[in-house]
Amino acid sequence: MQHEPTNRRLLWYIVAGLVAWGMLLGLGAYLGLDPQTPDRDYRRLWVVAAMTGGFLTLWLGALALRGRK
């Protein structure tokens, strides 16, 4: 089985994009722009940060395991 060449620059652009998306999503969750939800709630910010960070950790871990094989 031949391995395809990896493009690390593209991978880091994707990671940076996901981090930026998570930050914007967390900011929106923190600000609570919907009039029916309370605003400035740190818990929602931390939930978004934990989920985005967890996803990135699992994804990069899976890529690292695949790279070893």
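In this text, all values refer to a predicted model and were calculated from it rather than measured experimentally.
Tyr30 and Val47 end up in different hydrophobic clusters when Ile, Leu, Val, Met, Phe, Trp and Tyr side chains are linked at under 4.5 Å. A continuous path of ILVMFWY side-chain contacts below 4.5 Å connects Trp12 to Leu10, so both sit in one hydrophobic cluster. Under the 4.5 Å side-chain heavy-atom criterion for ILVMFWY residues, a single connected hydrophobic cluster contains both Leu33 and Leu27.
Scanning all heavy atoms of the two residues, the minimum distance from Leu31 to Arg40 falls at CD2-NH1, 3.2 Å. Closest approach of Val48 to Gly22, counting heavy atoms only: CG1-O, 3.7 Å. Considering every non-hydrogen atom in both Leu18 and Thr52, the closest pair reads O-CG2, 3.9 Å.
For the atom pair CD1 of Ile14 and CG of Leu56, the computed distance is 11.0 Å after rounding to the nearest 0.5 Å. The CG atom of Leu63 sits 12.5 Å away from atom CZ of Arg68, with the distance rounded to the nearest 0.5 Å. Expressed to the nearest 0.5 Å, how far CZ of Phe55 lies from CH2 of Trp59 amounts to 6.5 Å. Expressed to the nearest 0.5 Å, how far CG of Leu45 lies from CE of Met23 amounts to 10.0 Å.
At most 12 heavy atoms of other shown residues, nucleotides or ligands fall within 6.0 angstrom of atom CH2 in Trp21.
The closest donor-acceptor contact from the side chain of Thr37 to the backbone of Asp34 lies under 3.5 Å.
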